[in-house]
Each structure stands twice: as structure tokens, then as C-alpha cells.
Number of protein chains: 2
Amino acid sequence: MVPVARRMVPDARPVRYGTGKKGSPMAIERRPLREQVKDELLEQLGRGRFTPGESINEVHLAEELGVSRTPLREALISLEREGIITSERGKGFRFAPTGKQEFLDLTAILIALESLALRTSDPAHLSAIAPRLLAEARAFSAPLAPHGTIERYDDAWHALLLSGCANTRLREMIDSLKLTLHRYERVVVGDHEILERAAEEHERIAQCLLDGDVDQAVTALEANWTSGMERILERLPPAAAR
Amino acid sequence: MVPVARRMVPDARPVRYGTGKKGSPMAIERRPLREQVKDELLEQLGRGRFTPGESINEVHLAEELGVSRTPLREALISLEREGIITSERGKGFRFAPTGKQEFLDLTAILIALESLALRTSDPAHLSAIAPRLLAEARAFSAPLAPHGTIERYDDAWHALLLSGCANTRLREMIDSLKLTLHRYERVVVGDHEILERAAEEHERIAQCLLDGDVDQAVTALEANWTSGMERILERLPPAAAR
DNA sequence: ATGCTGAGTTCTGTATACAGCATTCGGCAT
DNA sequence: ATGCCGAATGCTGTATACAGAACTCAGCAT
């Protein structure tokens with residue numbers, strides 16, 4: 001476990017105000033500890049370190065992360081607003097339990113928001129990036145791939161797709177929802193598990209954009225989401241209910 | 001200023017774990033201070049106590065609210081994730097500045113989400129509540145009314161409209177966004193300012209639902225949002241930019 | 001055996017303390 | 001007067017301390 005900050009010199013006067021991490025050399029990125037903690041938690045969530053519903057011992061977790069309870073709690077409260085964590089008065093924080101229904105709910109929201117983002121993007125920009133979208137889609141056309149790889153590629157591709165969306169708030173919401181959704185996916189399929197993909201769907205969307213047919217692209221995007229969702233869904237017949 | 005908890009007895013041993021407020025008699029609602037603080041801040045925001053962009057002095061505000069900095073900060077961090085508050089490393093928290101563009105952005109998102117909520121609601125439920133929706137709409141058909149009154153009525157009406165939406169997450173997001181949007185509105189129009197309304201739009205939506213035509217209702221809902229947005233927008237020609 | 005009661009333990013919720021950054025304001029050079 | 005530098009101050013970011021819930025489990029009554 002790599003602590004968020006310092007460590008290794010247990011009794012040294014802690015260097016407050018963590019000096020940030022990699023970035024452009026002279027930028028000296030300084031972020032609040034709570035944000036670094038949040039990132040670290042998300043990172044570890046991604047690695048499947050925590051299971052849904054698992055309750056959190058603040059003292060233990062804070063120690064492991066090498067920070068005090070304060071920034072940890074602040075990170076947890078922030079994550080709570082994102083729906084990744086739940087809290088109950090007197091019982092503290094827990095990683096939110098996952099369920100099929102919530103997965104469906106989240107997907108529905110994400111479809112609506114990405115559609116909106118695409119529809120309100122500058123058409124000129126869309127035409128401009130269409131070739132790249134197409135190229136990327138063709139470059140990664142494997143019908144089978146590990147889930148982790150798919151996820152990374154998908155995120156990058158969708159990020160490019162939405163790069164023309166000027167609605168900042170919308171993009172933040174989409175990013176946040178995607179994080180949550182990834183967590184749901186991870187519960188179902190392991191990071192290295194091989195999954196089938198519908199590789200041509202991205203090509204299809206890109207092609208629509210090349211043709212300047214945004215409406216059609218939106219439809220294709222929705223289909224892409226739906227099929228992706230179904231690929232995940234059919235993996236969880238056992239623990240279906242709830 | 002009414003403190004969130006206790007007060008009036010400055011040096012009495014504070015009664016920890018605030019005993020909640022009104023609720024069903026034997027329920028004894030106990031909520032974390034941070035949540036009470038959050039509600040209180042939202043309340044005061046609603047009253048126009050804070051101006052957008054205003055920076056927050058944690059010590060002062062905490063004293064005014066009658067709590068320590070810890071729960072206040074936790075409330076602020078939570079509000080930050082909702083987009084109502086901004087923070088900058090070393091400079092603390094500020095009420096998020098408002099701008100025309102963000103108002104438009106938020107409205108666009110809200111339209112998309114409410115449409116989704118309506119489309120995915122149980123049609124049977126929609127038919128069932130349609131008469132009430134119609135009755136409510138007719139009961140409040142004044143073409144002019146104070147902004148505060150409109151807002152309360154509108155919220156109640158829309159809440160009823162979406163009462164059949166089973167997507168919990170979606171409803172939470174809608175509620176949260178509405179809160180933010182109200183804040184934007186308040187910047188533009190005073191609480192008691194008289195505003196024109198398009199009273200018949202709600203009737204129209206209800207009528208569509210009575211007829212069982214959800215698609216048409218969605219269209220009408222979108223029109224309702226757009227016209228409401230425009231009524232607010234035309235109020236801010238002066239400080240337009242940004 | 002089962003259910004209730006109460007002391008003990010653990011952990012959360014809140015308050016307070018402390019250290020360093022940011023800002024401000026006066027002094028000096030230009 | 002204007003602009004730069006440095007001490008002083010105020011405020012934030014983080015750590016720690018403390019009080020009171022919730023949970024655990026042994027002991028007793030039924």
C-alpha cells in the first residue's frame with residue numbers, strides 16, 4: 001500500500017501541504033490532501049480493493065493512507081455526494097452496495113446525458129474530429145479484449161467524442177457518473193476478464209459524424225450504450241435480485 | 001440569525017448530536033450536524049443572504065451558525081460537489097459565481113433529465129395522477145405571481161409529475177440540479193418580484209398524460225422548461241456576458 | 001435454550017489546536 | 001508618485017482530542 005503522502009519517516013515533522021505530483025515541471029501542482037485521498041480511493045476501488053457494502057473504519061483507512069482522519073472524512077463526504085459511498089448516522093461510512101437496478105438506472109442517465117452532450121456539440125468540431133474517431137475505432141477493433149483495456153479505450157474514445165461539448169457542468173456530471181458506473185462493472189467482471197465487444201459500433205458513430213448526420217450518431221451512440229450495458233448485464237444472472 | 005443548534009446558552013455544555021427537528025413524534029430524527037448546516041445554508045441562500053462569488057470566512061460563519069468549523073467544512077465540501085460552492089487551494093470556499101452560460105447549461109441538463117424521468121415513468125401511474133396534475137394546474141392559473149410563489153408551486157407540481165419515476169438516482173440528481181438552478185434564478189429576480197407565467201403549459205402536459213400520450217407530454221414539458229428559462233433570461237440583459 | 005439487561009469496548013461525530021500559506025500594509029528605492 | 005520588498009496578520013488545511021452513540025457479549029431471569 002502506497003500512502004498518499006510522505007510516510008517512510010514516521011516521526012519526521014510531516015511536510016504539510018503535500019507538494020503535488022507529476023505535472024509540468026514548473027507548475028508545482030498543490031492540491032488539498034482530501035483530493036489526493038479521493039483519487040487514491042478511486043484508484044484502489046478500481047483495483048477492486050474494496051467490496052460493495054463494505055464498511056469503512058476511518059482510523060485504519062487513514063493510517064493506511066498515511067493521513068489523518070480529517071482529510072479522509074472530507075474525501076469520503078465528497079464521494080458520498082457522488083454516490084460511491086453511503087453513510088448512516090452513527091454507523092459511519094460504507095462503500096455503496098451495488099445492484100442491478102442501480103446499474104440500469106445509471107446507464108439510463110448516462111445515455112441521456114451523453115446524447116445531450118453530442119447533440120449540443122458544435123457540429124463543425126464534430127466533423128473535424130470524426131476522422132480521428134474513425135481511425136481510433138479501427139485501430140482497436142478486436143472483438144475480444146480484457147475488461148480493463150476496453151474500459152480505458154472506451155473512456156478515451158468517448159472523451160474525444162465529447163471534446164466539443166461546451167457545457168462544463170454536463171461534462172463533469174458525465175465523468176462522475178462514468179466513475180460510478182465503472183465501479184458497478186468491476187463488481188461484475190474482473191479487470192482481466194476477456195469480454196466481447198461490438199467494435200463496429202464506434203466506427204458506425206464516427207461514420208455518421210463524417211456524414212454530418214448528428215441525429216443518426218446520437219441514435220448509434222444510444223445503441224452502443226445499450227449493447228455495452230447488455231454485455232455487462234448478461235454476466236450477472238446469479239446474484240440478480242435486489 | 002437562527003443558529004443551527006442550541007445557542008442562547010453560550011457556555012452551557014453543548015448538547016451533542018443535535019436532536020433533530022420536527023418529524024413523526026416517536027421517530028426522533030437525528031441527523032448529523034453537517035446535514036443540518038447544509039440545509040441551513042441552502043435556506044439562507046434561498047433568502048438571498050449570500051451573493052454569488054462571495055468568499056466564506058469559516059470561523060465567522062461557523063460562529064453564526066453556532067457550530068464548529070468541522071461540520072461547517074463538511075457541509076461546504078458536500079455543497080461543493082453539488083456545484084453551489086467553489087474552493088481554491090489556500091483561498092478557501094466561495095459561493096460559486098453565477099453566469100448566464102451556466103444557467104443555460106443547467107437548464108439543458110435538467111430538461112434532458114426530466115424528460116428521461118417522464119419517459120421512463122410507469123404509464124399507468126402517469127394516467128392515475130394526470131387528473132390531479134390537471135386540477136393543480138387549474139387551481140393555480142394566475143398569469144402573474146411572485147417568483148417565490150411560482151417556485152414553490154412549480155416544485156410541488158413537478159415533484160408530483162415525477163412521482164412515478166422509479167430511478168432513485170435520477171430523482172436525486174434532478175432535485176440537486178433544481179436547487180442549483182433556483183439559486184441562479186434568485187440572483188436574477190427577487191423573491192417577491194412579480195413574474196409572468198405560462199399557466200396553461202402545465203394544463204397542457206396534464207392533458208397529454210390524460211390522453212396517454214407520453215411523447216407529447218415530454219415535448220410539452222420541454223417547451224415548458226424552455227419558456228420558463230426564457231422568462232428568467234430576459235430579466236438579465238444588463239450583466240449579460242461572462 | 002431463549003430473551004433481556006447492562007457493563008465494556010469500539011468507533012463515529014464534533015470540537016479544538018497548530019502550522020503554514022496568502023494577503024496586506026508600511027518602508028524604501030527609483 | 002510608483003513599484004518592489006518584507007514583516008505582520010488572518011485564514012485555511014490538517015492533525016489531534018474528546019464526548020457520546022452503537023455494538024458486543026457475559027450474566028441473569030424466564
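Atoms considered below: every heavy atom in the structure, side chains included; atoms not considered: hydrogens, waters and symmetry mates. Order of the sequence lines fixes the chain letters, A, B, ..., with proteins taken first and strands second; residue numbering starts at 1 for each chain.
Closest approach to the A:Ser68 side chain among D:dT14, C:dA15, C:dT12 is made by D:dT14 (side chain taken as heavy atoms from C-beta onward). Ranking C:dT14, D:dT12, D:dA15 by closeness to the B:Arg34 side chain, first place goes to C:dT14. The side chain of B:Thr70 lies closest to C:dA15 when the candidates are C:dA15, C:dT12, D:dG13.
In this structure, B:Glu88 reaches the sugar-phosphate backbone alone: every heavy-atom distance under 4.0 Å involves primed, P, OP1 or OP2 atoms, never a base. In this structure, A:Leu72 reaches neither bases nor backbone, as no heavy-atom distance under 4.0 Å exists between it and the strands shown.
Between the P atom of D:dC23 and the CZ atom of A:Arg94 lies a distance of 12 Å, rounded to the nearest Å. As rounded to whole Å, 17 Å separates atom P of D:dT12 from atom CD of A:Glu35. A:Leu61 has its CG atom 13 Å from the P atom of C:dC11, to the nearest Å. Atom CZ in B:Arg69 sits about 12 Å away from atom P in C:dA17, given to the nearest Å. Put simply, CG on B:Asn57 is 14 Å from P on C:dT24, counting in whole angstrom units. Rounded to an integer number of Å, the gap from B:Ile56 CD1 to D:dG13 C1' is 15 Å. At whole-Å resolution of the value, CG in A:Leu33 and P in C:dC18 are 20 Å apart. Residue A:Lys91 contributes atom NZ, which lies 10 Å from atom C1' of D:dC23 at whole-angstrom precision.
Residue B:Arg31 places no side-chain atom within donor-acceptor reach of the base of C:dG13, judged by atom type and a 3.5 Å distance cut-off alone.
A donor-acceptor pair under 3.5 Å links the side-chain atoms of A:Glu54 to the main chain of A:Thr51, judged by distance alone. Judged by distance alone, with hydrogens and angles left aside, the side-chain atoms of B:Glu151 form no donor-acceptor pair with the main-chain N or O of B:Gly148 at under 3.5 Å. Although no hydrogens or angles enter the test, the distance criterion places a donor-acceptor pair under 3.5 Å between the side chain of A:Asn167 and the main chain of B:Asp105. Although no hydrogens or angles enter the test, the distance criterion places a donor-acceptor pair under 3.5 Å between the side chain of B:Arg183 and the main chain of B:Ala96.
Under the 4.0 Å criterion applied to side-chain N and carboxylate O atoms, B:Glu74 and B:Lys38 are not assigned as salt-bridge partners.
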